[in-house]
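Reading through the structure tokens given below for one structure.
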Amino acid sequence: MAQAGKTLEIRTSPHVLSGNSVDTIMFNVVLALLPIAAFAVFAFGLAGLLTLSMAVVSCVLTEHVICRAAGKPSTVGDWSVTITGLLYGLTLPPSLPLWMVAVGGVIGVALGKALFGGLGYNTFNPALVGRAVLQAAFPVAMTSWIPGFGAGRFSSLPLSTLTLPLTTPEYDALTSATPLALWKFSREATDTSDLAMGFISGSAGETSAVLILLGGIYLIARNMMNWRIPVSIFATVAAFSGALYLVDPTRYASPVFMLLSGGLMLGAMFMATDMVGSPMTSRGCYLYGALIGLVTVVIRTWGGLPEGVMYAILLGNALTPHLDRWTRPRVYGARGKEAAT
Amino acid sequence: MRLLGLKTFRHGVHPPESKDETSGLAIRQFPFAPLLIVPLVQHMGAPSLPVVEEGQEVQRGQRIARADGFMSVSMHAPASGLIRRIALAPSISGRMVPAVYLEPFAGDTQEVEEGTPCPLDSATPDEIIAAIQDAGVVGLGGAAFPTHVKLKIPEGKFVDTLIINGIECEPFLTTDHRVMLEQSKDIFVGIRYLLKVTGAKKVIIAIEANKPDAAELLGKEFPSDLDGSVEVLQVKYPQGAEKMLFSALLGREVPSRGLPLDIHALCCNVATAAQIGHLLPLGQGIHERVITVTGPAVKRKGNYRIPIGTPLRFLLDEVGVQDDVNRVFLGGPMMGAAASSLDISITKGTSGVTAFTDSAAERTHSQVYPCIRCGYCVDACPIFLNPSSLGRLAATEQFSTMAEEYNLMDCFECGSCSFVCPSHIPLVQQFRAAKVQVRKAGAA
């Protein structure tokens, strides 16, 4: 000890850390998403695989190139952009032309994340920003769905997938409506067990409620996801749509259908819970979830679109800083009103 | 508040306790270093004034410095020996402070000097307060605040409950644990002095659930004529902070920028109580204290009774350290300060010495990421601040906003936020720096 040349490192306390790390958290989210992605590939075959791959590749490459162009080390190693890519891919119709997938991925990451300052500063969920742009730019392609589990899905592709860039995709006669569209436009209900297990058409990732729930539970058990957000969303959707259903079951969809259909499961579990865009206080999380649930049901019930989860979450993201401010807890020892300011 | 049957506070963290290696080891007397360096600033407040001269011989326990005003305490010789010089010496803060260099006599019996006892039964509260100041007693939990200062109850104020803090929530440290097991008699005598001074009617000895043997012993020996109890609390950091104890045990909160007196409570570390109970009847002063020497880099870990002024280098040489030691802390790993030099001394506020090797340091070498607003820190902060927002404000140097709108000055730097941060942002360090700026701006 006393020998010369020994150097002591001086750091400030605390000198032990929990061992948790951003890249560990993000990697675990990727792990939780993998079974969902695998099911999407199983359900939609080559089209599902190509859509997801293109989504991930376009997102990751965009972040890498932007970092390098800015002369900074690439941040793809923190896994956050991989999550964005997977989530983005899972919200797309599996038959979407690949060039459109790439366009949305680039825009989502460049506009939704990099422009805001990168990880930690992206007010809006980049996956949803990408999807929202596509929804506005290509409304037809974004609502053309192929049914899952088609014969030959592993050997052939839908016509639309390989559409040349900047041309309008053509669709096979095979496109079918999602359960939400069926309900919205023809009041046709879908079997609950099919919804839960994913034997329906829809975007690649919104089809298996069970796998999404399992992935979420895994993350919640590892304290890598705030359970208050999905719980609040589900409770609000169930209560609100349940009340409507009680008023008139022929006009309004059942709460079970509301919970299991569309992007609600994936959105509530994996997108609304994106740490960057969601509140930090407990009460803020409950309010945020309630807001998302409410807006989702309102759009689905009275809006022009069959699905509203995406806009509900983006709205929640926008309100997050305010929710955090409004729900600040009383500081220890603060007197009366002093705490609120 | 209660959770799972045991009292606790809300929020907080669970660092690995790492106490098993030393909690079973009895306190052992530490040898005298060839040269003891006793800093005259070991407490918060004014430096003590030396009452000895260079070249003078002193006896162990003899007073070598007196208090300079009320916010100051006496110092006592840690060994019988020769005052070599009175000069500056390095301190943990990095500043040079005045110190007494004492060379112990080799082969001396090292008897402790007899003093004038302060009898429990006949002494008045003011006499006890003076005796505590004379004995050089400061908070031994780490803050080193002069104990007699907080015992002086101002006119019109009163204390109804005295809390004896045997929580020791800091990982690695087992000094309070051992003191409770081995000095229970001293603790109860100390409690009687403290009750008499403060006028408190009730005493609660607070112990974390990871020290059941101490809780059982003190419960068994709790004098029947005292009103109070031993309370076992849930294991959680920073339970040992007095603010957390008041809310867990009494359901009271110290007002922001207020004092425990405002809620009629007072908290005293258990080792401090033991020192009072040990020293006052003998009329002696603090010249040594119990310290846990531990950490992955230490070979002969243990709880030692170490003379005040023992240089860190001598201490580490005695216990032996691994070759790849690279960090030494005074105190535990959550709130302890890193030693910048091995020439600093053990002082009254040193509750532990922990040494880490390179490999054990790995986890703090990790990359710093941007804040991802995960909210872990918000769930950890025991006083309900928002460290994430504070951190972002600190990064842009918005210090006055931090203080005025985000209650920065209420932070007592427990480090829970930094501990849980997955982005490895040195939050608590940013807050320390910000507080300095706020104080500067306030003083200007």
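Quantities reported herein were computed from a predicted structural model and do not represent experimental measurements. Here is the naming used below: chain letters follow the sequence lines, and residue numbers restart at 1 for every chain.
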Of the listed residues (A:N223, A:N226, A:D78), which shares the most heavy-atom pairs with chain B below a 4.5 Å separation?
A:N223

According to side chain to side chain contact (heavy atoms under 4.5 Å, CB included), who are the partners of B:P90, at least two apart in sequence or on a separate chain?
B:M96, B:D343, B:I344

Select one option (side chain, backbone, both, neither) describing which atoms of B:F314 are under 4.5 Å from chain A's heavy atoms.
neither

Which donor-acceptor pairs under 3.5 Å do the side chains of residues 112-130 of chain A make with protein atoms, sequence neighbours left out?
{"from": "A:K113", "atom 1": "NZ", "to": "A:E63", "atom 2": "OE1", "distance (Å)": "2.9"}
{"from": "A:K113", "atom 1": "NZ", "to": "A:S80", "atom 2": "OG", "distance (Å)": "2.7"}
{"from": "A:N122", "atom 1": "OD1", "to": "A:G120", "atom 2": "N", "distance (Å)": "3.3"}
{"from": "A:N125", "atom 1": "OD1", "to": "A:A127", "atom 2": "N", "distance (Å)": "3.0"}
{"from": "A:N125", "atom 1": "ND2", "to": "A:M271", "atom 2": "O", "distance (Å)": "3.3"}

Per-residue tally against chain A (heavy atom, under 4.5 Å) across B:R252, B:R432, B:E413 peaks at B:R432

Strictly less than 4.5 Å between heavy atoms, which residues of residues 20-34 of chain A line up against chain B? Please order them by number.
A:N20, A:S21, A:V22, A:D23, A:I25, A:M26

Nearest 0.5 Å, what's the CD-OG distance between A:E9 and B:S340?
13.5 Å

Gap between atom CG of A:L8 and atom CZ of B:R327 - 0.5 Å precision:
10.5 Å

Specify which of B:D379, B:V13, B:V254 makes the most heavy-atom pairs with chain A at under 4.5 Å.
B:V254

Which region of B:C371, side chain (C-beta onward) or backbone (N, CA, C, O), has a non-hydrogen atom less than 4.5 Å from a non-hydrogen atom of chain A, or is it both or neither?
backbone

Can you tell me if B:E21 has over 12 outside heavy atoms packed within less than 6.0 Å of its CD?
no

Given heavy-atom pairs under 4.5 angstrom as the criterion, report whether the side chain, backbone, both or neither of B:P426 touches chain A.
neither

Got a sec, which residues hit side chain to side chain contact (heavy atoms under 4.5 Å, CB included) with A:L294, two or more places apart in sequence or on another chain?
A:T236, A:F240

Distance, nearest 0.5 Å, that separates CE of A:M280 from CD1 of B:I372:
11.0 Å

What part of B:C421 gets closer than 4.5 Å to chain A, counting heavy atoms only: side chain, backbone, both or neither?
backbone

Which pair of heavy atoms, one from A:H15 and one from B:G336, lies closest together, and at what distance?
NE2-O, 2.8 Å

Taking only Lys NZ, Arg NE, NH1 and NH2, and the carboxylate oxygens of Asp or Glu, determine whether B:E253 and A:R330 approach each other closer than 4.0 Å.
yes

Please report the interatomic distance CE(A:M275) to OG(B:S423), rounded to the nearest 0.5 Å.
9.5 Å

Check: A:Y332 and B:F412 side chains under 4.5 Å, non-hydrogen atoms
no

What distance separates B:F329 CZ from A:R11 CZ, expressed to the nearest 0.5 Å?
8.5 Å

A:M224 portion near chain B, given a 4.5 angstrom heavy-atom threshold:
both

